[in-house]
Amino acid sequence: MNDKISLFQKDLLREAFWQSFYKLQPAKMVRNPVMFTVEIGTLVMLGVCLWILTGNQSQGSLGYNFFIFIILFLTLLFANFAEAIAEARGKAQANSLRKTRATTPARLQNGEIIPSSQLKKGDIFICQAGDIIPSDGEIIEGLASIDESAITGESAPVIREAGGDKSSVTGGTKVLSDKIIVQVTIEPGESFLDKMIALVEGSSRQKTPNEIALTILLAGFTLVFIIVTVTLKPFADYAQVPISIAAFISLFVCLIPTTIGGLLSAIGIAGMDRALRANVITKSGKAVETAGDIDVLLLDKTGTITIGNRKATHFYPAQGIELQDFIRSVVLSSMADETPEGKSILELANVNPASLSVQNPRFIKFTAETRSSGIDYANRRIRKGAADAIKTLCEKAGHSFPAEIANKVREIASNGGTPLVVAENEKVIGVIELQDIIKPGIQERFERLRRMGIKTVMVTGDNPLTAQYIAARAGVDDFIAEAKPEDKMQYIKKEQAEGRLVAMMGDGTNDAPALAQADVGVAMNSGTQAAKEAGNMVDLDNDPTKLIEVVEIGKQLLMTRGTLTTFSIANDIAKYFAILPALFMVGIPSLQSLNIMQLSTPESAILSAVIFNAIIIPLLIPLALKGVTYQPIGASALLRRNLLIYGLGGVLVPFIGIKMIDVLVSFFI
Amino acid sequence: MNTEILGLMLMYGLVVALAIPLGHYLGKVFNQEKTQLDVLFNPLDNLFYKLSGIDPAKEMNWKQHLTALLTINIVWFVISIFILMNMAWLPFNPDGNPSMSADLAFNTSVSFVTNTNLQHYSGEGALSYLGQLVLMLWQFISAATGMAICAVVFRAMKAQSTETLGNYYVLLVRSGTRVLFPISLLIATILVLNGTPITLEGKDTMLTLQGDTVQVSRGPVAAFVAIKQLGTNGGGFYGPNSTHPFENPNYLTNITETMAIFLLPIAMVFAMGHVLRRRKLAWMVFGVMTVGFLLLCLPAVVFEMQGNPAITQMGLAQPLGSYEGKEIRFGAAASAYWAVNTTCTSNGSVNAMHDSMTPLTGMFLMLGMMINCLYGGVGVGFLNFYIFIILAVFISGLMVGRTPAFLGKKIEAREMKIAMIIALLHPLFILVGTALASHLLLTFPEACANWLSNPGYHGFSQMLYEFCSSSANNGSGFEGLGDNTPFWNIGCGLVMLLARYLPIIGPVAIAGILARKKYIPESAGTLQTDTSTFGLMVFAVILIVAGMAFFPVLTLGPVAEYFSIIQK
Amino acid sequence: MKTILFPAIRLTLVCLFFFMGVYPAIVLGLAQWAPNQGKGHLIRQDGKSYYANIGQSFTEDQYFYSRPSAVAYNAAGAGGSNQGPSNPAYLATLQARVDTFLAHNPAVKLHEIPADLITASGSGLDPDISVAAAKVQVNRIAKIRQVSEVTLYQLIAQQTKKPLLGLFGPAKVNVLQLNLALDKLK
């Protein structure tokens with residue numbers, strides 16, 4: 001999946017080549033008004049050639065007219081080729097995904113084995129170590145380690161288990177250990193992958209809102225130039241300038257924005273293709289486009305901003321308690337604590353719990369009511385937990401909560417740490433400090449987002465003090481502390497009410513409503529089926545910072561359209577200066593002064609302009625597929641830069657290009 | 001320094017200096033904020049509302065505004081046709097002028113109600129004083145129409161998720177009584193003091209020094225000329241408009257009238273800045289308009305001051321420039337300056353004959369009308385500019401990688417469709433109209449023999465100019481065109497109608513739709529529309545849309561004429 | 001319909017009264033302080049009165065010529081020639097005017113003829129000529145009227161209207177006033 005497909009592979013080229021002919025049928029061309037008019041023009045030129053063959057003398061030589069016809073035909077093919085190559089690349093990408101979906105046997109609960117293609121939603125199958133999972137589904141029983149490298153390229157196995165947020169499995173991945181019972185969650189042919197494949201293949205591609213608006217703009221320009229060309233006929237008659245049909249058609253085709261018209265759908269397909277390359281599956285082209293408009297980004301603290309989980313960094317015994325004794329109690333209380341925090345406490349203590357002998361230990365699990373955990377043995381009751389939980393516990397038993405401990409708790413919290421207070425027999429014996437580790441390089445990414453105009457919001461279950469500290473250190477703009485799922489939802493709604501577009505990432509089932517509410521919801525592939533259904537993108541890598549890339553892909557998509565439109569229209573100036581003098585010089589010799597490019601003859605001038613108009617399309621295909629580079633330098637600076645390159649460039653390049661082609665053409669005629 | 005050039009600098013400097021404070025005053029008038037003139041105008045306006053049965057507090061949405069505008073315009077049109085076709089027996093006709101023919105009355109009524117003031121007649125021989133005065137009424141209220149509907153768009157641009165945009169009649173009345181009336185009074189006073197007549201007496205007869213007997217047409221000229229200049233109307237009391245020594249007696253009145261052409265169009269831009277509380281945006285718009293204006297104005301002035309190359313080829317010196325169709329008291333520079341002013345603003349009055357100007361000046365005048373928003377007509381100039389802003393926002397929004405938005409409102413397919421249709425109309429009317437005329441001329445050379453007073457490329461320019469002028473609601477002409485025929489009266493009449501109302505409906509619809517949309521707050525990724533970079537973008541869009549569509553016709557008209565003269 | 005149409009009609013009538021009646025009446029009232037009560041600026045000499053701003057046709061050699069006029073200085077039907085700069089018929093007219101002028105002013109060379117003397121104004125009622133156009137006629141008038149050229153140059157200098165405030169616009173000479181002054185010389 002991650003192996004790159006080079007821009008022009010041979011087999012892709014071959015496929016695209018045939019497709020460009022196939023796409024010539026008017027029913028397909030009419031979707032693109034600009035190129036459709038070119039097709040009509042080409043047909044007219046074919047008619048003119050036939051007319052000359054039947055003996056007409058008024059339209060100039062057959063060779064010249066036929067050559068114009070050929071170039072117009074090539075223009076059409078080039079435009080179709082651009083679309084076809086983008087589709088072919090997408091298809092190749094999709095095919096490499098599809099390989100993972102080759103029909104695999106599925107073993108049903110009753111022992112029957114059927115091909116995976118016959119699995120329906122609701123079916124239940126069983127997988128054991130070594131099996132390839134036949135379909136997307138939800139584990140309803142069991143736990144297994146799974147190799148998802150076929151999808152994500154990540155070789156480390158992941159654990160999936162029934163219940164909770166890690167219950168979803170993807171078809172094509174491999175079970176490494178244990179046995180799971182899985183319920184199919186999708187109808188055949190409706191998995192995300194299937195949808196994505198359909199999208200990049202273009203079969204179900206719908207135009208995005210921006211694409212529709214741009215098509216209207218281009219159609220408008222085309223209409224203007226239809227008016228210009230048609231009315232030119234009576235004007236030329238009045239001025240007694242004879243103009244051939246070839247010249248009219250050439251003028252028209254050169255003036256209408258064929259460059260962007262020819263590349264428009266390729267740009268859109270390439271955008272989704274780029275998302276796919278980043279291992280993000282999008283459900284629609286619109287989602288990618290919307291990503292470029294994002295104003296607010298909701299990110300979970302854990303895993304995104306900080307590395308995994310908090311780690312214990314300090315032990316602070318209470319007054320009168322020896323550090324050694326405190327550590328011993330801490331280790332005992334954490335022996336059965338399977339949470340990463342608990343493990344980090346043992347790591348910091350560096351004491352082997354097995355060396356401590358206790359009789360009849362009874363481990364107390366963490367519950368939402370007590371908000372503490374610990375161990376009971378002999379007549380000792382060790383508890384560790386949040387400061388207020390332990391405080392309540394102690395005060396209930398009639399013991400006071402020492403002021404120095406309260407100070408310590410506050411101090412730790414305000415430094416972004418999480419204090420865990422430890423009590424023995426309802427008396428406080430000390431505090432453990434847990435700290436978050438901020439991911440290296442994350443500040444730079446947030447800085448980049450800020451320059452793109454995107455507000456970052458950290459979502460965390462921490463208390464506000466801790467959250468604020470981490471938010472400041474990581475450089476996020478805002479945070480939601482002590483976040484419950486409905487807080488996320490409210491925050492999104494609030495931002496949306498103020499007109500902002502919100503993106504978020506999520507994996508859990510309780511993230512689903514928020515994912516659906518957000519304008520761009522990226523579900524992790526490891527997340528639950530509900531989450532994946534709710535979002536409009538799925539990240540195969542489960543990389544929470546992936547949103548940043550998605551945003552940039554969205555922006556690139558719009559920019560490529562905008563800049564190529566500008567380029568295309570700016571080209572008209574030079575084309576006018578090439579064709580207009582050529583049209584009128586015969587009748588009005590004094591207009592020779594307008595031939596500022598000094599093109600050799602009227603025929604060569606028209607040919608050069610049409611040839612330039614045709615070959616600029618294939619020359620720009622690589623740019624259309626790769627996209628214009630986005631730089632977060634502020635909108636005005638970006639506009640200046642793009643205007644300079646594509647606007648001014650669009651004015652100048654055709655002057656040079658047409659002149660060069662004219663020099664070449666004049667060798668032959 | 002050349003006193004003619006100094007005169008231009010004075011005129012431009014003064015008009016900008018006056019337009020900025022006037023713009024803020026306009027903003028207050030539109031916003032219904034307090035001004036010192038309320039003592040005078042509040043009772044007057046209330047009288048207007050009471051007599052008309054209008055509830056000034058009733059709010060309207062954009063569709064209701066348009067309905068009100070169109071309804072009242074139809075009423076005006078009907079009254080106008082009636083009076084023009086019955087002038088002969090109606091009062092105030094001391095010179096005994098006849099009633100108008102139906103097609104001429106149609107053309108004239110459309111022309112004045114649409115603020116165009118294209119005249120296929122000569123005022124002194126074709127209108128009674130009642131006819132002149134009723135046309136003057138349209139000059140007031142058609143200008144007020146433009147201001148009022150532009151104010152509606154200002155409000156819509158400011159609005160956030162709302163339907164209601166004030167009361168149309170209130171904006172109309174306030175524009176008339178608080179802006180047009182007092183300033184016109186001031187201008188009329190200056191004119192009267194400098195020798196412009198205002199009287200209801202008919203023609204006078206005088207014996208010249210050489211002993212010839214000459215009749216001199218008079219009339220309520222001063223009152224008429226003031227509003228014709230101020231309201232970007234441009235229809236002259238006399239046939240030759242402000243070249244006539246009674247309409248424009250001396251250089252001081254010329255300064256006054258030239259400034260009056262520009263005053264409100266520029267002030268409207270600053271009014272927008274005031275209403276929206278976005279001064280910088282107003283300066284951006286003003287900057288783009290000014291650059292465009294200067295690019296047309298400077299070469300035009302240079303070409304007119306250089307004189308007609310064909311006359312130079314005869315061996316004559318033209319130290320003062322081209323003088324055919326110009327008045328000595330204004331000079332070539334101020335004539336060219338006026339000409340560009342009047343074509344950029346859809347005013348259409350003249351102080352020199354455009355038909356006789358040098359070929360490329362003619363081209364710059366047509367370009368002014370083809371663009372039609374370099375300051376533009378009162379109110380409608382900004383509406384045209386608004387369309388270009390929408391197009392520029394769309395393209396540049398894409399270029400910075402965001403769904404395009406203007407003032408926090410997303411521009412989507414529906415708005416693009418409207419904007420593109422409106423942008424299309426102008427080339428459509430001008431090119432198709434001229435094409436039809438060219439075709440008829442070739443097909444029926446005898447029936448159309450009286451159309452053109454000039455052969456060749458210049459004759460083509462005459463037809464092109466007429467349709468530019470109609471479609472831009474300008475009203476000036478290459479007056480050599482024999483245009484009082486059914487084809488020109490009806491053809492230009494239809495173009496004027498469509499080119500007036502559709503470009504009002506379009507921007508109001510866009511602004512109304514945008515006003516309802518959710519407001520997106522700005523961020524670092526938002527495209528700033530009040531920067532010079534964006535100004536450049538708007539300018540480029542204007543050049544592309546206007547320039548590209550008209551390049552071929554201009555080549556066959558003025559450009560071909562120019563090269564054919566200089567290459568003799 | 002009623003709620004839309006009736007206010008529109010009533011408002012139109014109110015506007016009609018105000019802008020067609022009240023406004024011009026005020027201007028008419030103000031005009032009572034203006035020269036000739038707003039009936040146009042008159043100048044009087046020898047018991048006759050002339051409109052100062054309305055140009056007159058001067059074609060006799062004893063007077064300074066005024067500019068050609070497309071409407072023969074008809075102040076009840078003013079207008080320009082509307083001839084385009086490249087029109088051959090127009091250029092032929094100019095050539096004829098040049099020839100006529102040279103015939104009546106033999107001392108003047110072709111390149112000395114100011115263009116305003118052979119081109120028609122926009123109104124056809126231009127009351128002015130350029131200073132050069134006045135000076136170029138001095139030789140002819142001096143001969144016919146038997147006055148010295150110096151006197152005539154002084155007369156032109158007296159009658160020359162400077163640019164506004166000496167700064168703005170062109171200098172010019174009102175032909176009627178110049179010729180009235182010329183008649184007074186005798």
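Because only heavy atoms are used, hydrogens play no part in the values below, and waters and symmetry mates are left out as well, while side chains stay in. Numbered from 1 within each chain, the chains take letters A, B, ... in sequence-line order.
No side-chain heavy atom of C:Pro170 sits less than 4.5 Å from a side-chain heavy atom of B:Arg329. Using a 4.5 Å heavy-atom threshold, the side chains of B:Trp76 and C:Thr12 count as touching. Contact of the C:Pro127 side chain with the B:Pro245 side chain is registered, since non-hydrogen atoms from C-beta on lie closer than 4.5 Å.
For chain B, the nearby parts of C:Leu180 are the backbone and the side chain; heavy atoms of each come within less than 4.5 Å. Residue contact with chain C, scored on non-hydrogen atoms closer than 4.5 Å, involves the backbone and the side chain of B:Leu252 alike. At a 4.5 Å heavy-atom cutoff, B:Leu191 makes no contact with chain C through either its backbone or its side chain. Using a 4.5 Å cut-off between heavy atoms, B:Met314 contacts chain C through both its backbone and its side chain. Contacts of B:Met11 with chain C are absent, with no heavy-atom separation under 4.5 Å from either backbone or side chain. In this structure, chain B has a heavy atom under 4.5 Å from the side chain of C:Lys48, while its backbone stays farther away. At a 4.5 Å heavy-atom cutoff, the contact between C:Ile9 and chain B is made by backbone and side-chain atoms alike. Both the backbone and the side chain of B:Ser184 have a heavy atom closer than 4.5 Å to some heavy atom of chain C. Heavy atoms of B:Phe330 lying under 4.5 Å from chain C belong exclusively to its backbone. Of the two parts of C:Val98, only the side chain, counted from C-beta on, holds a non-hydrogen atom closer than 4.5 Å to a non-hydrogen atom of chain B. Both the backbone and the side chain of B:Ala317 come within contact range of chain C, each with at least one heavy atom under 4.5 Å from a heavy atom of that chain. Only the side chain of B:Gln462 has a heavy atom closer than 4.5 Å to any heavy atom of chain C. Only the side chain of C:Phe18 comes within contact range of chain B, with at least one heavy atom under 4.5 Å from a heavy atom of that chain. With a threshold of 4.5 angstrom between heavy atoms, B:Leu51 approaches chain C through its backbone and through its side chain. With a 4.5 angstrom heavy-atom cutoff, B:Gln139 does not touch chain C via any of its atoms. For B:Leu193, the parts lying under 4.5 angstrom from a heavy atom of chain C are both the backbone and the side chain. For C:Gln37, the part lying near chain B is the backbone, with the side chain staying farther off; criterion is any non-hydrogen pair under 4.5 Å. Looking at B:Leu44, the atoms closer than 4.5 Å to chain C (heavy atoms on both sides) all sit in the side chain, from C-beta outward. Of the two parts of B:Lys50, only the backbone, made up of N, CA, C and O, holds a non-hydrogen atom closer than 4.5 Å to a non-hydrogen atom of chain C. The part of B:Val214 that comes within reach of chain C is its side chain, from C-beta onward, which places non-hydrogen atoms under 4.5 angstrom from that chain.
The choice from B:Leu209, B:Leu200, B:Val75 that makes the most heavy-atom pairs within less than 4.5 Å of chain C is B:Leu209. In terms of heavy-atom pairs under 4.5 Å with chain C, the best-connected choice from B:Glu201, B:Lys203, B:Gln210, B:Met136 is B:Gln210. Ranked by heavy-atom pairs shorter than 4.5 Å toward chain B, the options C:Asn179, C:Ile54, C:Asn82 are led by C:Asn82. Per-residue heavy-atom pair counts under 4.5 Å with chain B were compared for C:Ile113, C:Leu13, C:Leu42, and the maximum is reached by C:Ile113. Most heavy-atom pairs under 4.5 Å with chain B, from the set C:Pro163, C:Ala89, C:Ala8: that is C:Ala8. When each of C:Ala115, C:Gly38, C:Ala171 is checked for heavy-atom pairs under 4.5 Å with chain B, C:Gly38 comes out on top. In terms of non-hydrogen atom pairs under 4.5 Å with chain B, the most contact-rich of C:Ser57, C:Gly79, C:Gly124 is C:Ser57. When each of C:Tyr90, C:Trp33, C:Tyr73 is checked for heavy-atom pairs under 4.5 Å with chain B, C:Tyr90 comes out on top.
Under the 3.5 Å distance criterion, the side-chain polar atoms of B:Glu324 are left unmatched by any main-chain donor or acceptor of C:Thr119. Checking side-chain atoms of B:Gln215 against main-chain N and O of C:Asn74 turns up no donor-acceptor pair under 3.5 Å. A distance-only check finds no donor-acceptor pair linking the side chain of B:Ser356 to the backbone of C:Ser81 [under 3.5 Å]. At distances below 3.5 Å, at least one donor-acceptor pair connects side-chain atoms of C:Asp126 with backbone N or O atoms of B:Ile328. Judged purely by atom type and a 3.5 angstrom limit, B:Asn308 uses its side chain to pair as donor or acceptor with the backbone of C:Pro85.
In this model, a donor atom of one side chain and an acceptor atom of the other lie less than 3.5 Å apart for B:Glu327 and C:Ser123. For the residue pair B:Glu561 / C:Ser86, a side-chain donor-acceptor distance below 3.5 Å is found, with atom types taken as modelled.
Classified by interplanar angle (parallel below 30°, tilted 30° to 60°, perpendicular above 60°), the ring pair C:Phe19/B:Phe48 is tilted.
Scanning both residues, B:Leu133 and C:Pro24, for their nearest heavy atoms gives CD2-CG, 4.3 Å. Taking every heavy atom of both residues into account, C:Gln83 and B:Ser453 meet most closely at NE2-O, 4.3 Å. In terms of heavy-atom proximity, C:Gly169 sits nearest to B:Thr3 at O-OG1, 2.6 Å.
The OG1 atom of B:Thr243 sits 8.0 Å away from atom CG of C:Leu125, with the distance rounded to the nearest 0.5 Å. To the nearest 0.5 angstrom, C:Lys172 atom NZ is 9.0 Å from B:Tyr251 atom OH. Here B:Ile198 contributes atom CD1 and C:Leu30 contributes atom CG; the two are 9.0 Å apart, rounded to the nearest 0.5 Å. Here the OG1 atom belonging to B:Thr208 is positioned 9.0 Å from the CG atom belonging to C:Leu176, to the nearest 0.5 angstrom. Taken to the nearest 0.5 Å, the CG atom of C:Leu11 stands 9.5 Å off from the OH atom of B:Tyr49. With values rounded to the nearest 0.5 angstrom, C:Leu164 atom CG is found 5.0 Å from B:Ile255 atom CD1.
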Exercise for the section: Please assess B:Thr189 against C:Val27 for the test side chain to side chain contact (heavy atoms under 4.5 Å, CB included), listing each intermediate value before the final yes or no. Expected result: CA-CA 7 Å; B:Thr189 309; C:Val27 182; over 6 Å; no

Practice task
Test B:Leu185 against C:Tyr23 for side chain to side chain contact (heavy atoms under 4.5 Å, CB included), laying out the working first.
Solution key: CA-CA 8 Å; B:Leu185 208 53; C:Tyr23 160 73; 3.9 Å; yes

Practice task
For side chain to side chain contact (heavy atoms under 4.5 Å, CB included), just list the numbers for C:Asn53 and B:Glu247, CA-CA rounded to whole Å, side-chain angles, deciding distance to a tenth of an Å, and then say yes or no.
Solution key: CA-CA 10 Å; C:Asn53 295 325; B:Glu247 284 205 24; over 6 Å; no

Practice task
Go through B:Arg218 and C:Lys39 one step at a time and tell me if the side chain to side chain contact (heavy atoms under 4.5 Å, CB included) criterion holds.
Solution key: CA-CA 7 Å; B:Arg218 299 182 293 181; C:Lys39 291 171 195 167; 3.7 Å; yes

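Between B:Phe246 and C:Tyr51, the distance from one ring center to the other falls under 6.0 angstrom.
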